Number of protein chains: 2
Amino acid sequence: MKQILIIDDDEKLGELLTQYLARYEMQAHVAMTPSKGFEMIKKLKPDLLILDVMLPEKDGFEVCREIRAKSSIYGQLPILMLTAHAEVTDRIVGLELGADDYLPKPFEPRELVARIHNILRRSGDDATLREIKPINGIDVDTSRREVKLDEVVLDLTTMEYELLILFMQYPNKTFTRDELMNRLRGIDAELFSRAVDTLVSRLRHKLGDTSKTPRFIKTVWGRGYTFIGEQR
Amino acid sequence: MKQILIIDDDEKLGELLTQYLARYEMQAHVAMTPSKGFEMIKKLKPDLLILDVMLPEKDGFEVCREIRAKSSIYGQLPILMLTAHAEVTDRIVGLELGADDYLPKPFEPRELVARIHNILRRSGDDATLREIKPINGIDVDTSRREVKLDEVVLDLTTMEYELLILFMQYPNKTFTRDELMNRLRGIDAELFSRAVDTLVSRLRHKLGDTSKTPRFIKTVWGRGYTFIGEQR
DNA sequence: CATCGATGATAAGTATTTGCTTCATCAGCT
DNA sequence: AGCTGATGAAGCAAATACTTATCATCGATG
């Protein structure tokens, strides 16, 4: 699970974000001050840092600069900055500071998640960019976001694609609906809906798969679904 | 991918530049001293050299002069010089030294990228000058900056042209809007604007393409756009 | 300094995706 | 076989994403 450190003195925002990010398989931690932040970076070794510009002690620019300066300690920790308004753009993202992206407040939580994924992807750390081994006739080129089934290119929607990726990363693992719901970013359904079933059904359809004699996605009655790894 | 060699003793700047240039499909390498630099030029055969004026051992002017003097060894390696301040201009760019361009510190990263492209273009090595294979009825003559669709010359604006070039260099690759935004130099849009969509739309229009049954540019829903390479 | 073309912003109009409902079907059980 | 709860699939509707016309802005040009 991705660890996210938030340095922001707005307690409420921190909590909301923590809660929200949890839905997307990210564990957030909040540091209210820069000094606390530095401490936590060392302890937590987060995968990404969300940094508010307005902070006590020193501002976010300063913090960012410091982290970049001491890259020997902090490495290339990806940084997303939250700015009070839409100004300053290039200065932040650009070299001078070395942040990876910025987001003006107020922002949509979705937007934040999208950006986090973006950054993680750029730093080569995201699931959707990890190499996926061809299995059973399906070949995924994650850098092109292209899926081939028996050499034929498939046209998948975002959700379908992500579901497939998830399955292929863990062939033969049985996922419960709950699990799938949580692991698929952006899924936004009622607790007891059949959204997952629907999604699986649609993916199956595009894969030319049938639930009765599945080549790819097997139904595990009472539990969930399994992506079949190898023919045996 | 373009190889860029940076000779600069400022470690931090080097790292940040490396990171930043990576976004634009350029692989940067840093040499902290001139002697190390010469060594790496021979090994790497970079496409362009970024040279700081302030260096240990000998200054950037000296390095530049030496490279030009030994053109039999180093060829016409394009050189971009970084100067501490805005002075000295002509001396650097002029014949005396033979640098191709200069940029005073501090600079905007965008500006640097723009200049790199400029130099590479002049030295006939840039993407916009690289040969582009005719695809699907579109034939681009990069040296004349002329685009023919089914033997008819099209009148494209700068942005449209660059977008097309980018697409044609990576047929069948799906670009996200973010990616396009970053890769198209000169694009300067707000965070949530439809600037890219607009541009695509305009290019499509001039190509006589329709979004519904695209011959060239396919919309990848939820992701971005793809230039169709071959009919399948 | 007026004009024109290029380009970004905006918003109304479409299109597609996706969650939900419903109902037929199926697995597991007695 | 018959019952029960789980699953599959089709259709619908709301949410979300895309297209494009139009306007505003900016810079180049004369």
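Worth saying up front: this structure is predicted, and the values here are computed from it rather than measured. A note on names: the letters A, B, ... follow the listed sequences, proteins ahead of strands, and every chain is numbered from 1.
The distance between atom NE2 of His205(B) and atom C1' of dA6(C), rounded to the nearest whole Å, is 15 Å. Distance, Met159(B) CE to dG27(D) C1': 14 Å, rounded to whole Å.
Contact annotation: Arg202(B) side-chain N/O to dA6(C) OP1/OP2 distance is not under 4.0 Å. Taking only side-chain nitrogens and oxygens, Thr158(B) never comes nearer than 4.0 Å to OP1 or OP2 of dA6(C). Contact check, Ser193(A) against dT21(C): no side-chain N or O comes under 4.0 Å of OP1 or OP2. Not one side-chain nitrogen or oxygen of Thr157(B) sits closer than 4.0 Å to the OP1 or OP2 atom of dA6(C). Residue Tyr161(B) places none of its side-chain N or O atoms closer than 4.0 Å to OP1 or OP2 of dT7(C). Thr198(A) has no side-chain polar atom (N or O) that falls below the 4.0 Å cut-off from OP1 or OP2 of dG8(D). At dT19(D), one or more side-chain N or O atoms of Tyr225(B) fall inside 4.0 Å of OP1 or OP2 (strictly under the cut-off). For dG8(D), one of the phosphate oxygens OP1 or OP2 lies less than 4.0 angstrom from a side-chain nitrogen or oxygen of Arg204(A).
The residue among Trp221(B) and Val196(B) whose nearest nucleotide of DNA chain C lies closer to the 5′ end is Val196(B). In terms of position along DNA chain D, the nucleotide closest to Ser201(A) lies nearer the 5' end than the nucleotide closest to the other residue of the pair Ser201(A) and Leu199(B). Positionally, the nearest nucleotide of DNA chain D for Arg177(A) lies more toward the 5' end than for the other of Arg177(A) and Gly224(B). The residue among Lys206(A) and Leu156(B) whose nearest nucleotide of DNA chain C lies closer to the 5′ end is Leu156(B).
Under the 4.0 Å criterion applied to side-chain N and carboxylate O atoms, Lys206(B) and Asp155(B) are not assigned as salt-bridge partners. Lys173(A) has a carboxylate O that lies under 4.0 Å from a charged side-chain N of Glu179(A), or vice versa, which qualifies the two as a salt bridge.
Taking only distance into account, the side chain of Arg194(A) meets the base of dG8(D) through a donor-acceptor pair shorter than 3.5 Å. Applying the 3.5 Å distance criterion, the base of dC26(C) shares no donor-acceptor pair with the side chain of Ser211(A).
A distance below 6.0 Å separates the ring centres of Phe167(B) and Phe175(B).
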- Stepwise, does the side-chain contact (heavy atoms from CB on, under 4.5 Å) test hold for Leu51(A) with Leu55(A)? CA-CA 9 Å; Leu51(A) 188 53; Leu55(A) 285 172; 4.1 Å; yes
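Remark: Arg204(B) is not positioned above the aromatic ring of Phe216(B), lacking an NZ or CZ atom under 6.0 angstrom from the ring centre and at most 45 degrees off the axis.
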